[in-house]
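Values below: all heavy atoms of this structure, side chains included; hydrogens, waters and symmetry mates excluded.
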Number of protein chains: 4
Amino acid sequence: MRVNAPAAAGEPSATGGQSVANAARRAQIIESAIECIAELGYARASFAQIAQRAGISSTRLISYHFEGKEDLIRAVVHEALRAAAAYMHPLLQAQTSPSAMLATYITSNLDFIRTHPAHIRAVLEIAANTRPEPGVSAVEPDSASPVALLEQLFRQGQEVGEFRAFDPRVMALTLRAAIDAAVGELTARPDLDLDAYARELVALFDRATRKEPT
Amino acid sequence: MRVNAPAAAGEPSATGGQSVANAARRAQIIESAIECIAELGYARASFAQIAQRAGISSTRLISYHFEGKEDLIRAVVHEALRAAAAYMHPLLQAQTSPSAMLATYITSNLDFIRTHPAHIRAVLEIAANTRPEPGVSAVEPDSASPVALLEQLFRQGQEVGEFRAFDPRVMALTLRAAIDAAVGELTARPDLDLDAYARELVALFDRATRKEPT
Amino acid sequence: MRVNAPAAAGEPSATGGQSVANAARRAQIIESAIECIAELGYARASFAQIAQRAGISSTRLISYHFEGKEDLIRAVVHEALRAAAAYMHPLLQAQTSPSAMLATYITSNLDFIRTHPAHIRAVLEIAANTRPEPGVSAVEPDSASPVALLEQLFRQGQEVGEFRAFDPRVMALTLRAAIDAAVGELTARPDLDLDAYARELVALFDRATRKEPT
Amino acid sequence: MRVNAPAAAGEPSATGGQSVANAARRAQIIESAIECIAELGYARASFAQIAQRAGISSTRLISYHFEGKEDLIRAVVHEALRAAAAYMHPLLQAQTSPSAMLATYITSNLDFIRTHPAHIRAVLEIAANTRPEPGVSAVEPDSASPVALLEQLFRQGQEVGEFRAFDPRVMALTLRAAIDAAVGELTARPDLDLDAYARELVALFDRATRKEPT
DNA sequence: GATGAATGAGCGTTCATTCAT
DNA sequence: TATGAATGAACGCTCATTCAT
């Protein structure tokens, strides 16, 4: 008798090759989950709500395509970060200096927020509601996390002499928090001018990082 | 003649003069709630957990002293902000310039975080998990909110010519987010050097706000 | 150690001599209970609601003056029936024939309903929601119950030859039910013409009971 | 596209085509609810009691098959009235005159009471314990209510000259109340002779309605 | 690949009542 | 005579998940 099998027989696991139909269903459920979490908040985004919004008759379909709630949440975060990276990465790659990349990071991130507010809200809800198991960020496998990437950017700027001396991790945490705070503000005030917000943040972090002219 | 009193008879309401014993119990429950929320997260901080941690026999005692969960949460937020203000206010009042107040705000806030991490974590959990009813911040009556107070500080600094021209609200949101991010970092890395963190933030926001020397 | 004492020491029992202040409090609570039951229904007429409406700070005062909920309910029924009897009895006594008494019973009862709708509604709510313990009517000590009194009236009318032969108990139950149904109709349609209703019922039961003229 | 569907996904709704197994479970739960309400009274007929009597492991199964308690109660009333109508309707249709229909209504209704006492008791309990929202009978969609149907019968009898002039609504309310009172009497005295009771009521309402011979 | 049926645990809340002054 | 404080039990309801096709 099977006891501790992680996935039931006949059900697609989170990893490994799914069929095309499988993948389409998964994407549909993930999309529905993103909307639910963004709109209702993490706590109220139950399987029932997600299934209903996805036009699915039974919550069973969710547990069929995902190993459990945790698995679904992981997929939601993965999808949101993937979409953000897909939008921002090309723009960042086109920049030639760390300071230009910093400005582009802020601007393109707020652009992404404008076009994908639900994705962002969902990730923030999840991040706020998921207990970090000791030493493990629940959101990301750590080294590829947004904060780590920013840290790396700041370090590069310091190495090439464009940025002053500061703790790259503190600066990275602060920048991420600043951008995430813009999401909260946008939610509270939907008519917020994100372009102006971006310009403010660019100026703020430009002064905060730039090496003073001699 | 009172007709539609919102609170049930025989139970102390949230407002109005409680007896000493009453107030002590309330404080005990609030303290227990703060610990629970900080430790378990908002979602898992059930009445059962709170009662258990408070050494109370039944959850009924909580509903007896508070009108409902919402009322308890409100009391938790109120208590946490009150404690923070009680710690920071005297120090802020002792400063004579906006820039000095800014540095003091950051430093004293991180000091408070060090000594009252649970209070801070609880408020952040609550803020993250409470849907803001349109136009109404669930956490505070708005005008006295931490962000609004910072906004005022920045405006004063601009008026006296100490700070450069920037959007005071964006700066205020960013500073609050930066400090709150420090709480998250402290949770993930308990050995974090908060003094160093404070120095980094002071330098960061000093440069971000200060009018350039001519 | 006291175990099965029916009433706590120092507390007035339901029977026996209360002081004047005691009686006044009891009356106040009974009045409040009547209003609550009539307005909210039996199920929602909790001690909390009753105490609140009575302007009493604690439900403890109710359990102090009454042995328990059952005792309070009994007092409510007793008071309502007493008030009805006090109103109707003199009018009934003034009648000289059973048929006149029948008409007066109907008319005066609907008059009482008009002036004391809450009393009537409360009794009906209680009657509907109290399980009759085997062989015992929960509402009344039986022999003095409204139905029993009507039964006696019908029997007298038959003995003096005014009423035809019929089962007095069926007729009594039907008349009581007919009058109680008027209360329900009045609740649903507050503008109901009770005088007309009374005339209809008088005609109905006059024909139902009267011995046909030869 | 469905957006605000009231029922949770994955659970069968009260309306619409259920599967056979679904319908059977629903019927089983309804039956258990009828017995519980009839036996314990409305207030004590909790999900726990109903589930226990139905031999169901958890109350969750009830919330699974019904949208909530209100929905279950609605189903109980519907089922009871349906069963009564199914029994009485053919017999009523076979009658050719209003007065014959009146007698048949009384007789067949008491017959139904004899064979389905729990159904009747349950409906009466529900009717007594459900607050009628202003203008809306909680029990029935009004136009098809038992009282309305009787009203129509009396009106027809008046039109064909069989019944005297009286208010049809008062007569209808009185007849329904008279029959319902028989249920109460049967509960208090299980050995009641319902045939005799029916004969008494037939005679009573025959005299109450019939046009006097000239 | 998909589904209906079923489940135990937990939620916040309300209940009448008792304890201790 | 009156009261605040405290209590265990029960309520309807929602949760993610498992069983059996």
Atom pair distance, as rounded to whole Å: [atom1] in [X] and [atom2] in [N]:
X        : N       : atom1 : atom2 : value
Arg26(B) : dA5(F)  : CZ    : P     : 11 Å
Phe66(A) : dT18(F) : CZ    : P     : 16 Å
Ile56(D) : dG8(E)  : CD1   : C1'   : 14 Å
Arg44(A) : dA16(F) : CZ    : P     : 14 Å
Phe47(D) : dG8(E)  : CZ    : P     : 17 Å
Glu67(B) : dG12(E) : CD    : P     : 17 Å
His65(B) : dG4(F)  : NE2   : C1'   : 9 Å
Arg60(C) : dG4(F)  : CZ    : P     : 12 Å

Query raised in the report: Where the side chain of Ser46(C) is concerned, which of dT7(E), dA16(E), dG4(E) is the nearest nucleotide?
Result: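 My answer, after comparing the listed nucleotides, is dA16(E).
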
Query raised in the report: So which nucleotide from dC11(F), dT13(E), dT17(E) ends up closest to the side chain of Ser63(C)?
Result: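 In terms of side-chain proximity for Ser63(C), the closest of dC11(F), dT13(E), dT17(E) is dT17(E).
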
Query raised in the report: Given Watson-Crick or G-U pairs with both distances under 3.5 Å, what dot-bracket string fits DNA chain F, with | for other-strand pairs and [ ] for crossing?
Result: .||||||||||||||||||||

Atom pair [atom1] ([X]) and [atom2] ([Y]), whose distance is rounded to the nearest 0.5 Å:
X        : Y         : atom1 : atom2 : answer
Ile30(A) : Ile73(A)  : CD1   : CD1   : 10.5 Å
Ile37(B) : Ile126(B) : CD1   : CD1   : 4.0 Å
Ile50(C) : Phe66(C)  : CD1   : CZ    : 9.0 Å
Gln49(A) : Thr59(A)  : CD    : OG1   : 12.0 Å
Arg26(A) : Glu31(A)  : CZ    : CD    : 13.5 Å
Ser58(C) : Gln52(C)  : OG    : CD    : 13.0 Å

Query raised in the report: Between Ala43(C) and Thr59(D), which has a closest nucleotide on DNA chain E that is more 5'?
Result: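 With Ala43(C) and Thr59(D) compared, the 5'-side residue is Thr59(D).
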
**Report entry** Earlier contact from the 5' end, DNA chain E, for Gly68(C) and Ala48(B)
**Finding:**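 Between the two, 5'-proximity favours Ala48(B).
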
**Report entry** Verdict with reasoning, Leu40(B) to Arg53(B), per side-chain contact (heavy atoms from CB on, under 4.5 Å)
**Finding:** CA-CA 12 Å; Leu40(B) 307 173; Arg53(B) 189 171 303 235; 4.2 Å; yes

Are [X] and [N] close enough that a side-chain N or O sits under 4.0 Å from OP1 or OP2?
X        : N      : result
Arg25(D) : dA5(E) : no
Tyr64(C) : dA2(F) : no
Ser57(D) : dT7(E) : yes

Query raised in the report: Which pair of non-hydrogen atoms, one from Gly68(C) and one from Phe47(C), has the smallest distance, and what is that distance?
Result: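 Heavy atoms of Gly68(C) and Phe47(C) come nearest at C-CZ, 4.2 Å.
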
Requested in this report: Scan residues 27-39 of chain C against DNA chain F and write down, sorted by residue number, each residue with any heavy atom closer than 4.0 Å; if none is found, say none.
Outcome: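 Within this stretch, nothing sits under 4.0 Å of the strand.
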
Requested in this report: With DNA chain F as reference, determine whether Leu61(B) or Leu61(C) sits nearer its 5' end, using the nearest nucleotide of each.
Outcome: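 Result of the comparison: Leu61(C).
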
**Report entry** Heavy-atom side-chain contact between Ile56(D) and Ile29(D) under 4.5 Å
**Finding:**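 When only atoms from C-beta onward are counted, Ile29(D) and Ile56(D) do touch, with a gap below 4.5 Å.
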
**Report entry** Check: Glu79(C) and His119(C) side chains under 4.5 Å, non-hydrogen atoms
**Finding:**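 Yes. Closest side-chain heavy atoms under 4.5 Å.
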
